[in-house]
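Only one structure is covered here, and it is reproduced in the block below.
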Number of protein chains: 2
Amino acid sequence: MNRLCLPLGLDANDLNKLEQLIERKKPLQPREGVFSSGDPFSSIYAVRSGSIKSFCIDPDGREQVTGFYFPGEIFGWDGLANNQYQNTAIALETTSLCEIPYEQLDELGNSIPPIQKYLMKLISREINADQQLIALLAANSAQQKLASLLLSISDRLLQRKLSSTRILLPMSRGEISNYLGLTVETVSRVLGVFQRKKYLAVNKKEIEILDMQALRDLMLSTEEVE
Amino acid sequence: MNRLCLPLGLDANDLNKLEQLIERKKPLQPREGVFSSGDPFSSIYAVRSGSIKSFCIDPDGREQVTGFYFPGEIFGWDGLANNQYQNTAIALETTSLCEIPYEQLDELGNSIPPIQKYLMKLISREINADQQLIALLAANSAQQKLASLLLSISDRLLQRKLSSTRILLPMSRGEISNYLGLTVETVSRVLGVFQRKKYLAVNKKEIEILDMQALRDLMLSTEEVE
DNA sequence: AAATCCAACTGATGTAAATCAACTCAAGGT
DNA sequence: ACCTTGAGTTGATTTACATCAGTTGGATTT
């Protein structure tokens, strides 16, 4: 990783060109929007610090959270297919982003193939993430869903060399429950269970993972772990 | 759409180059595999006729269906991010595919920017499809899930100018239930309910949609429609 | 035609999570 | 200090779906 928001193997010259594209935006306030569903697609965004929630509105008007994005992660690809964003993206906390105008990025990609290639991989990564979520939502219990989310967040923070056992959740219980297809009450109760089992120490939005392995084991078995 | 598997606005010359890449494979038998999870990524595939199921294996060894693909649709993007396919893809019936070797497609894209651009849109479309499925799995009842799947299939067949009210399901009840995060019994019962309500006529894998609007209405309300 | 098989359906029962309903607590506002 | 507000938790009850346990009917075999 470098000063840029994109980790990738390029020579200094190409890197420089890329760097000139990227606009560092002034930090977003909590709840401030990046783009809204229906807005014309213009850019993708990389999270520098803070966190982002993306969600869409169902035909029946209810909000459905489709993703959380942490430092180093990229969002906004959903706008590409139809030239308008399908999701709405807002900051969960004070958040700074890099905006990468897609038109220019695409042009740069045309002259520098490795960039193009890397871009495709980035999009494909979003597909993999989405499919993991699909598997999670289709197959698992409330406990497994929550365990999986916590492990995923922990893992992603670790990749950015941030603390992996102490997590300060930027999202509300309601947002977690919506994302996982549960209710707030269930999320609250499962956190309670995990706490009683000493898997976690929970204090409001502060979560400490005490027994990572126990959470991982939850994912592996349909069986009750007593 | 043209003789090719890819609909897109190119001049005759470019189109010809693209056409030369594409290999029409001999038809697959039902249950025959296209690629397996872990195989090195080499190509994407377009369905010419028939249908494809893609699925992954959970950490606990269970199969999770991640998508069904019908004529005109493209699959295999999930392999791009890590250079190996995450899913396994098999034919649900006798199916013919176009194989499009990615390396060559990518090279062609480097020399013909519109192709590159179109490729990105294709991938992005997969993201949109996945996110719709996420919303479906997270928020909806068994009836809504099934209604949604039937409407989606109907819609996709219609886009390819195939019958939209008479559907011959290529997949088993088990595969449907797995995809939707339900059990076979529930799928069977919901089909029964829809039949009693005269929304559908069901005969094994032959489904006729009698009341499209009723199915659409199911999606719009949390309320019981009595 | 009897025997086997398997997908699909149906019925009875169990249960995880939703729903409904308080209650707690911290953060602002007046 | 008091009132409001909203997020979070906890408890009681309900319910939608899963699970368990057959039954049915078509296809394949013998």
Side-chain angles (χ1 to χ4, degrees), chain A residues 30-31 53 62-65 92-93 136-150 167-197 200-207 218 221-226, chain B residues 30-31 53 62-65 92-93 136-150 167-197 200-207 218 221-226:
Chain A
R31 305 277 109 192
K53 154 177 108 162
R62 280 170 311 176
E63 178 176 321
Q64 173 58 49
V65 177
L92 287 169
E93 56 196 312
L136 179 67
L137 289 173
N140 296 4
S141 70
Q143 292 201 13
Q144 288 176 315
K145 287 178 182 179
L146 241 174
S148 171
L149 175 62
L150 293 172
I167 299 173
L168 187 65
L169 293 177
M171 70 294 277
S172 71
R173 301 288 194 266
E175 287 162 334
I176 293 174
S177 64
N178 182 300
Y179 178 68
L180 296 177
L182 302 169
T183 57
V184 266
E185 292 95 328
T186 300
V187 169
S188 187
R189 275 186 255 268
V190 171
L191 286 177
V193 172
F194 284 173
Q195 204 164 195
R196 249 166 278 132
K197 289 192 178 174
L200 301 178
V202 181
N203 182 326
K204 294 201 59 177
K205 307 207 155 188
E206 235 174 273
I207 307 261
L218 266 184
S221 60
T222 311
E223 321 299 316
E224 280 306 304
V225 187
E226 163 244 356
Chain B
R31 306 276 110 192
K53 154 177 108 161
R62 279 171 311 174
E63 178 176 320
Q64 174 57 49
V65 177
L92 288 169
E93 57 196 312
L136 179 68
L137 290 174
N140 296 5
S141 70
Q143 293 201 12
Q144 289 175 314
K145 287 178 181 178
L146 241 173
S148 171
L149 175 62
L150 292 172
I167 298 171
L168 187 65
L169 294 177
M171 71 292 276
S172 72
R173 300 289 192 267
E175 286 162 334
I176 293 175
S177 65
N178 183 298
Y179 179 67
L180 296 176
L182 301 170
T183 57
V184 267
E185 292 95 327
T186 299
V187 169
S188 187
R189 276 185 255 267
V190 171
L191 286 177
V193 171
F194 283 173
Q195 204 163 195
R196 249 167 276 130
K197 289 191 178 176
L200 301 177
V202 181
N203 182 327
K204 292 201 58 175
K205 307 206 156 186
E206 234 174 275
I207 307 260
L218 266 183
S221 59
T222 312
E223 320 300 315
E224 280 304 304
V225 189
E226 162 241 0

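Lettering of chains follows the sequences in order, A, B, ..., and the numbering in each one begins at 1.
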(request) Please state how far atom NZ in Lys145(A) lies from atom P in dA17(C), giving the value in whole angstrom units. (result) 8 Å
(message) On DNA chain C, compare the nucleotides closest to Lys204(A) and Val187(A); which residue's is nearer the 5' end?
(response) Val187(A)
(request) Let me know the distance between CG of Asn140(B) and C1' of dA16(D), rounded to the nearest Å. (result) 14 Å
(request) To the nearest Å, give me how far apart CD (Gln143(A)) and P (dA18(C)) are. (result) 13 Å
(request) Compare every heavy atom of Gln143(A) with every heavy atom of Lys197(A), then report the nearest pair and how far apart it is. (result) NZ-OE1, 4.3 Å
(message) Measuring from the side chain of Ser188(B) (C-beta onward, heavy atoms only), which nucleotide among dT9(D), dT19(D), dA8(C) has the closest atom?
(response) dA8(C)
(request) Look at the side-chain N and O atoms of Ser172(B) and state whether any lies under 4.0 Å from the OP1 or OP2 oxygen of dA7(C). (result) no
(request) Ignoring backbone atoms, establish whether Arg189(B) has a side-chain N or O less than 4.0 Å from OP1 or OP2 of dC9(C). (result) no
(message) Let's see if you can work this out: which of dA17(C), dA18(D), dA8(C) has an atom nearest to the side-chain heavy atoms of Thr183(B)?
(response) dA18(D)
(message) I want to check something: taking the side chain as every heavy atom from C-beta on, are Leu191(A) and Arg173(A) in contact at a cut-off of under 4.5 Å?
(response) yes
(message) Just the rounded figure in Å: distance from P of dG26(D) to CD of Glu206(B).
(response) 14 Å
(message) Is Thr186(B) close enough to dA18(D) that one of its side-chain N or O atoms is under 4.0 Å from OP1 or OP2 there?
(response) yes
(request) May I have the distance from Asn203(A) (atom CG) to dA7(D) (atom P), rounded to whole angstrom? (result) 18 Å
(message) Can you identify which nucleotide, out of dC17(D), dC9(C), dA17(C), has its nearest atom closest to the Leu182(B) side chain?
(response) dC17(D)
(message) Any side-chain to backbone donor/acceptor pair from Glu206(B) onto Asn203(B)? Under 3.5 Å, distance only.
(response) no
(request) Spell out yes or no: do the side chain of Glu185(B) and the base of dC20(D) have one donor N/O and one acceptor N/O closer than 3.5 Å? (result) yes
(request) Kindly indicate whether the side chain of Leu200(B), heavy atoms from C-beta on, has any atom under 4.5 Å from the side chain of Leu150(B). (result) yes
(request) May I have the distance from Ile176(A) (atom CD1) to dA17(C) (atom C1'), rounded to whole angstrom? (result) 17 Å
(request) Provide, to the nearest angstrom, the distance between the CG atom belonging to Leu146(B) and the C1' atom belonging to dA8(C). (result) 14 Å
(message) Given dA8(C), dT19(C), dA18(D), identify the nucleotide with an atom nearest to the side chain of Lys205(B).
(response) dA8(C)
(message) Just so I know, are the side chains of Lys145(B) and Tyr179(B) near enough to count as touching, which here means a heavy-atom distance under 4.5 Å?
(response) no
(message) Measure CD/Gln195(B) against P/dA8(C) and give the value in whole Å, please.
(response) 14 Å
